[in-house]
Amino acid sequence: MANEMAKAYEAKLVEDGIYESWLSSGFFTPENLPNVTDSTEAFTVVMPPPNVTGVLHLGHALENSLMDAMVRYQRLLGKKALLIPGTDHAALPTQAKVEKLLMADGIKNPRQELGREKLVEKIREFAEQSKSTILSQVKKMGTSADWSRLAYTFDEKRNVAVNELFTRMYNDGLIYRGFRVVNWSVKGQSTSSDDEIETIERASVLYTFKYSKDFPIAISTTRPETKVGDTAVAVHPADDRYTAFIGKTFNVDFAGSKLTIKVIASEEVDPSFGTGALGVTPAHSPIDFGMYEVQKAKQDPIEIIQVIGLDGKMTVEAGQLVAGQTVEKARATVVAWLSGQGLLEDSKDIIQNVGTSDRYGDVIESVPMTQWWLNVNKEIPGRGKTLKDLMRDAVTTGLNGDASQKVSITPERFTKLYLDRVNNLRDWCLSRQIWWGHRIPAWYRGEEIAVGARPEGDGWVQDEDTLDTWFSSGSWTFSTLGWPEKTSDLKNFHPTNWIQMGYEILYLWLMRMILMSSYALNQVPFNNAYMHGLLRDKDGNKFSKSSGNNIDPIEVINEYGCDALRISVLSGNTPGNDSRYYTEKVEAARNLVNKLWNISRFIIGNVGGARHVDVPSNSPINGGETSLTLADRWILARFSETAKKVSSLIDRYDFSLAIEMLRDFTWNDFADWYLEIAKIEGEKGDVLLYILERLLILWHPFAPFVTEEIYKNFNSGMIIVAKWPTVEYELSSEDRSAFDQVCSAVIAIRNYLSEHKTLPKDVESIVMVNAGVLSGMESIIGGLTKVKAIRSGEERPESITPIVVGSAQIFVQLPAVDAASEKARIESGIAEATKFIAAQESKLANADFVARAPEKVIAGERQKLADLQEKLAALQKEHAALVS
RNA sequence: GCGCGCAUAGCUCAGUUGGUUAGAGCGUCACAUUGACAUUGUGAAGGUCCGUGGUUCGAGUCCACGUGCGCGCACCA
């Protein structure tokens, strides 16, 4: 195998082949892993299913890097590691996309022209086709998912789960059909839940007017066009200005409508806003609808008039002046009418927050409709808890106070956000007026309603609506494992152990998964949730099609390799925080991967091929006398420290720091120090191979491809199922300090030469006086500094100013020395040492410090002072010699 | 209005429970290099850790207030 490795790592040439070999190994399926038994601990992660019609973007690259690193790490630990892949039918965006394509093909109104069955079939075809695109791209990321368990939010099995869940919730009285104001997107022609609304600021005008000349109260609104639907005016019950009118009813002629306005009292009215009186439009405002319901409960009802239609135009009920007009047009019409009548008292510009559809972008209209809802405040029969309670318990005490049924969110601050939201949660509107999705399993015949399977008998018609896509996503952790069947998968792999997702879907998804799983299984969906931030471009902007800054991860992979992309998106990325993507980072990661490749190439080429080394043959672990050198002992211990550190960092989900530790060890300790020493000391096959093999394993979760490729040289099977290294070596404090001194000496000599602008080859000789631990290290120090003529001795050469390292004085004989610059060098050294000694002394002179600080800290400070004093003394001696 | 986050080198960011002279990568500058690697090596420069006050023997780290930026929620009549 020696010398067969290419000069540089060419990711492009090997990645696809390696992925194929993983697939054919079967190791993505946990049951196929070596040495697993029924009792082997499982580690399960479900993949947040990418949108079936989407293409891979950098966000996916981050997600796949995160979850695959975690799963590969767990697999290397010997667990039954399972990553369940899947795709999302993404109801609304998918239908919208296909409709758009059809319209481009000349089908102007796809829903009308094709009808339900044909359109759904078109969407299904399209979805199936593009599903394979996104899946192949996920594979390009190296994701080690169990494709034999591939799921789809809209396949038959998931449909069974969704229907079962809906039916159970209906039978428990949690799902109900109710008439109330919903969030309506005119553009999308569908309802949306509160969580799918994004509020934006926009300029608006606040108009103040009276309905008619003889109406006693002026009101303020930004939506005058809706006032044709007003049926009441609400005032604060304690507002003296208006209390006299409460309970009275007025008939007014307003903008072409005859309105009956009742004055009602409501605590919700803010007397200080506008005129302190609120025109109540029950049909087109959730708050006003609330008042409508309160009045109804008080048996003092007010009317409800729908004046905006589902098409966003004013209805016939709005009166002939505005009927048929768009909302915007009607607004202008009503304002014009008001000023014409002299009713307009004031209009002022304000900045207003309005809700928009996060999918369609249009302003959400509130309209009254009968829809399906999930009640989050009702006690679940037999459980004594509401869904809200379950959602709360899951992140605090654990379900039923069971700590093993608790979700820990990383970073923790999101827990508070989650709890705040849970406390303010309102009933969830489940039904959507689109066709691409799980159809609501409700059947109607006249006044009869049946939920679940289609009832026996004729005349039953299924509900036209489909379910909110998050209803099926919410059951993802257990629907993928076979629920509602009592499968062994559910038993073995649920609750899942860990999940990662972007914080932007904390409410939409994480919350729903907790709700669904807690309800259906009395289990949390996962024990740990890792929230990652947004990946932004180098200037901190969001990636988006419209701003043209999109980056295709596949192109990045083709240019730099998948491992480089994975490392670059994970490094510098901390939980919950956004991070930036830029090319230099990928280049740096590519260089790192190549460095690892070249280290391996050098080692394998130099020791006559790779082989597994259980324990270095000259290691003390073998029992016998050790022939390990100081450098060997140091690097073995450093490796053990690194392995330990990396493990605990991944256990803490600190992928970024884990990579940094690995990089530091690989590049600095192993390549720059130890490999250079190994060239000098020679005969390092065992130690080098021992470390290399294990180092590749440590890198594998982050750089799966290059490590698998190099590992082939070891003929030890595949690295994907290798064994995570255990900690074996420790460094004695004597060794540690000795090696530190060797390094310090090397660095000091290099510095000295650099300061004197002298090349190592021009140095005549180096003599180390009072060498201490440095004696015996001459060849290493000489090799690393590239100065051949180096020795230890007791006789100090004449007229040279030495470098001081610890107690040793190192005399570097240069061809020519400028006495003045030498003096300056020594003096600056003295000045620096003096400064720090003063600082140390004052610290130690502080009685409070000595009295209160821990002994360990004080001892450290004393040692520091002693070292500095020793150094200063040596420098002063040299200085005296120089000036004499 | 309520709440959360962030502010550390030119840039992007680390910095665990308070304890060396505050770190990394990239960038910059100087030098080196025919032997694993120019996808390299060696060295250097570069920081009032946003401000003010406090707690402490000791604060980048904890507390309070302030400033700037970002975000969530509510109001949005």
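Sequence lines set the chain letters: A, B, ... in the order given, protein chains first and strands last, and positions in each chain run from 1. Bear in mind the structure is a predicted one, so any value in this text is a computation, not a measurement.
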Requested in this report: Look at the side chain of Lys416(A) against the base of rC4(B) and say whether a donor-acceptor pair falls under 3.5 Å; ignore hydrogens and angles.
Outcome: no
**Report entry** C1' spacing across the pair rC62(B) / rU17(B), given as an integer number of angstrom
**Finding:** 12 Å
Write down the protein N/O and nucleotide N/O pairs, taken from nucleotides 18-22 of chain B, whose separation is under 3.5 Å; answer none if there are no such pairs.
unit_1, atom_1, unit_2, atom_2, d
rU20(B), O3', Lys864(A), NZ, 2.7
rU21(B), OP1, Gln840(A), OE1, 3.3
rU21(B), OP1, Lys864(A), NZ, 3.2

Query raised in the report: Counting only non-hydrogen atoms, which of residues 193-209 of chain A are less than 4.0 Å from RNA chain B?
Result: none
Query raised in the report: Looking only at N and O atoms, is any donor in the side chain of Gln352(A) or the base of rA77(B) less than 3.5 Å from an acceptor on the other one?
Result: no
Query raised in the report: Any idea which of rU12(B), rA77(B), rA32(B) is nearest the Leu759(A) side chain?
Result: rA32(B)
**Report entry** Phe215(A) and Tyr211(A) aromatic centres sub-6.0 Å
**Finding:** yes
Query raised in the report: Taking the side chain from Arg241(A) and the backbone from Pro271(A), do they hold a donor-acceptor pair closer than 3.5 Å?
Result: yes
Requested in this report: Could you provide the dot-bracket string of RNA chain B, using ( ) for intrastrand pairs, [ ] for crossing pairs and | for bases paired to another strand, with Watson-Crick or G-U pairs below 3.5 Å?
Outcome: (((((((..((((.....[...)))).((((((....).))))).....(((((..]....))))))))))))....
Query raised in the report: How far does the C1' atom of rA74(B) sit from the matching atom of rG51(B), given to the nearest Å?
Result: 31 Å
Query raised in the report: Just to confirm, is there a sub-4.0 Å distance from OP1 or OP2 of rG43(B) to any side-chain nitrogen or oxygen of Arg750(A)?
Result: yes
Show me the protein contacts with nucleotides 23-28 of chain B, counting only N or O atoms at under 3.5 Å.
none

Query raised in the report: What integer number of Å spans the P atoms of rC50(B) and rA9(B)?
Result: 8 Å
Requested in this report: Return the residues of residues 280-288 of chain A meeting this criterion: a heavy atom under 4.0 Å from some atom of RNA chain B. Order them by number, or give none.
Outcome: Ile287(A)
Report summary line: Comparing nearest nucleotides in RNA chain B, the 5'-proximal residue of the pair Lys645(A), Val746(A) is Lys645(A)
Return all side-chain donor-acceptor pairs below 3.5 angstrom for residues 276-289 of chain A, not counting sequence neighbours, or 'none' if the list is empty.
unit_1, atom_1, unit_2, atom_2, d
Thr281(A), OG1, Lys227(A), NZ, 3.3
Thr281(A), OG1, Asp230(A), OD1, 2.5
His284(A), ND1, Ser366(A), O, 2.7
His284(A), NE2, Val307(A), N, 2.9
His284(A), NE2, Ile308(A), N, 3.1
Ser285(A), OG, Ile287(A), N, 3.3
Ser285(A), OG, Asp288(A), N, 3.2
Ser285(A), OG, Asp288(A), OD1, 3.3
Asp288(A), OD2, Thr281(A), N, 2.7

Requested in this report: Establish whether the base of rA36(B) is bridged to the side chain of Lys679(A) by a donor-acceptor pair shorter than 3.5 Å.
Outcome: yes
